[in-house]
Amino acid sequence: MPLIPTTPTNAQCEPLRVAVTGAAGQIAYSLLHMIASGQVYGPNQPIILHLLDIEPALDALKGVVMELEDCAHSLLVGIVPTTDPLVAFRDIDWLIMLGAMPRREGMQRKDLLKANVGIFKQQGEALNLVAKKSVRVVVVGNPANTNALIAAHYAPSIPSRNFSALTRLDENRARSLLAIKAGVPADAVRNVAVWGNHSNTQYPCVDHGYVLAADGTRVPIEQALGGSSAGARDFLEGAFIKTVSLRGGAIIAARKLSSAMSAAKATADHIRDWFVGTRPGEFVSMAVMSDGKHYGIPADLMFSVPVTITNGEWSVVKDLPLSSFAQSKLQATAAELVEERTEATAHVEAHAVADAAAAKVAAMAGNGSAQVHAH
């Protein structure tokens, strides 16, 4: 079982202000109940929810608020529904960024990045102005890694290590697939790492993972799947990676909608581990800001790595041995993230030029007005 957050009683505990963007959407519909019921921050932690969505979703957001009220959660002590990021992010402790521009048919990745730069620029700037500097940020809306990078860029007063992107969904998918194949509960599969981007280039790695047997023995995953046979290795370096990386598309094909319930569960897992810490001797996957010091990963990428967490602070697991196959997969996903960063940077610079031009026009207009009043 995961660690359970332990906090003082409600009367002794200050409420956490938790903001959620895309709050009228599918993922939020599953996630908000988890937060308000104590499944994320613990059974004694009061919560004030700040719910942000766009104007066209306002009626749906009102319905979400009514449902939250009707749940009568004892831990939910306030709800702030709004369409204004400056209201939504004021004095918040946590921000869960579910909302993003979805990729539509015929849309190229560069078009998606361009649209999301505008969204995450506005929200990053608002975060920079009104949120607590200790705020923790989890980006779920895709492309999550680069969206998190953009948000961090526009919130320079908040430490970059306070930003993360969700790859726990990929880890959960990997652990579940392995558990089914090995015939064990999903929680028995430990230390599976997802490296890199939340995309088709991600690398779900089992080389340091194990299955926890009923007697407490740690069985290496490859052994649990049939030993060192060529079949087990072929599966782990082939069908396994493909199934995990393409799972989101398979769900869309089946449901005609993107992952929601599983994305909400993964988001809850990500936040709970960040809040309470990881189990001793175990790590989880988080996309965090790279510093260029580990595993040949370039600096200044939001790159998923295995981390341990203590007292709300994550640390990259160091010096894990990587096979040549693993190293090639890390290089491929890093190259994609560098390309995304380059494209996003170009859009950021374009926004900067446009903002400067707008400011110049406004200043000229202001000077003209002053001159008219002077006469």
Side-chain angles (χ1 to χ4, degrees), residues 1-4 138 164-198 202-228 232-233 235-245 247 262 265-288 290 294-297 303-330 333:
M1 295 292 292
L3 294 177
I4 303 298
V138 183
S164 67
L166 184 75
T167 54
R168 186 62 170 269
L169 177 55
D170 305 302
E171 180 188 317
N172 285 355
R173 287 167 171 167
R175 289 174 52 239
S176 176
L177 178 59
L178 293 166
I180 292 168
K181 195 166 182 67
V184 299
D187 191 55
V189 180
R190 310 284 177 89
N191 285 7
V192 174
V194 173
W195 298 84
N197 201 3
H198 176 61
Q202 66 176 258
Y203 175 48
C205 176
V206 306
D207 292 351
H208 312 100
Y210 60 89
V211 172
L212 189 65
D215 62 0
T217 304
R218 297 184 175 190
V219 182
I221 287 174
E222 187 171 348
Q223 182 179 333
L225 297 182
S228 57
R233 178 47 52 181
F235 168 73
L236 291 172
E237 293 186 354
F240 168 68
I241 294 173
K242 184 176 181 181
T243 300
V244 173
S245 64
R247 185 69 161 190
S262 57
K265 166 62 165 55
T267 304
D269 291 342
H270 177 116
I271 297 167
R272 184 183 58 248
D273 284 342
W274 201 353
F275 186 67
V276 70
T278 47
R279 294 180 287 203
E282 296 183 23
F283 56 69
V284 295
S285 306
M286 285 176 61
V288 296
S290 60
H294 307 292
Y295 303 106
I297 301 166
F303 197 99
S304 182
V305 290
V307 300
T308 57
I309 305 169
T310 304
N311 297 325
E313 296 294 335
W314 55 263
S315 299
V316 177
V317 179
K318 300 175 183 177
D319 302 324
L320 292 174
L322 296 177
S323 66
S324 58
F325 177 82
Q327 290 173 18
S328 69
K329 300 297 284 186
L330 263 65
T333 194

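Of the inter-residue distances, the one linking I221 atom CD1 with K181 atom NZ reads 13.0 Å to the nearest 0.5 angstrom. Summarising the geometry, atom CH2 belonging to W274 is positioned 4.5 Å from atom CE belonging to M286; distances are rounded to the nearest 0.5 Å. Note: L177 CG to R247 CZ = 7.5 Å, rounded to the nearest 0.5 Å. One finds the CZ atom of R233 at 5.0 Å from the CG atom of L236 (value rounded to the nearest 0.5 Å). For the atom pair CZ of R173 and OG of S262, the computed distance is 5.5 Å after rounding to the nearest 0.5 Å. Atom CG of L320 and atom SG of C205 lie 8.0 Å apart (nearest 0.5 Å).
Side chain of S285 to backbone of A193: no donor-acceptor contact under 3.5 angstrom is found. In this structure, Q202 contributes its side chain and W195 its backbone to no donor-acceptor pair below 3.5 Å. Between the side chain of S176 and the backbone N or O of N172, no donor-acceptor pair lies under 3.5 Å. Distance alone, capped at 3.5 Å, places no donor-acceptor pair between the Y210 side chain and the A224 backbone. Between the T167 side chain and the V194 main chain, no donor and acceptor come within less than 3.5 Å of each other. Between the side chain of S245 and the backbone N or O of I241 there is at least one donor-acceptor pair closer than 3.5 Å.
Within a 6.0 Å sphere centred on CG of N311, other residues, nucleotides and ligands contribute 12 heavy atoms or fewer.
Side-chain contact between D170 and H198 is present, with heavy atoms from C-beta onward closer than 4.5 Å.
Comment: R175 does not engage D269 in a salt bridge, judged by the lack of any side-chain N to carboxylate O separation of less than 4.0 angstrom. We find that D207 and K329 are not joined by a salt bridge, their nearest charged nitrogen and carboxylate oxygen being 4.0 Å or further apart. Using a cutoff of 4.0 Å between basic side-chain nitrogens and carboxylate oxygens, R168 and D273 are scored as salt-bridged.
Residue N191 comes nearest to G281 through the heavy atom pair ND2-O, 3.4 Å, listed as atom of the first residue, atom of the second, then distance. Between A174 and V192, the shortest heavy-atom contact is CB-CG1, 3.9 Å. Between P204 and F240, the shortest heavy-atom distance links the atoms O-CE2, 3.6 Å.
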Stepwise, does the side-chain contact (heavy atoms from CB on, under 4.5 Å) test hold for E222 with V206?
-> CA-CA 8 Å; E222 187 171 348; V206 306; 5.8 Å; no
Report the C-alpha distance between I309 and V307 in whole Å, list the side-chain angles of each, state the deciding distance to 0.1 Å, and finish with yes or no for side-chain contact (heavy atoms from CB on, under 4.5 Å).
-> CA-CA 7 Å; I309 305 169; V307 300; 4.2 Å; yes
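When the side-chain contact (heavy atoms from CB on, under 4.5 Å) test is applied to T308, the partners found at least two apart in sequence or on another chain are T278, F283, S315, V317.
Note: Y203 and F325 have perpendicular aromatic rings, judged against thresholds of 30 and 60 degrees for the angle between ring planes.
Side-chain polar atoms of S164 and H270 form a donor-acceptor pair below 3.5 angstrom.
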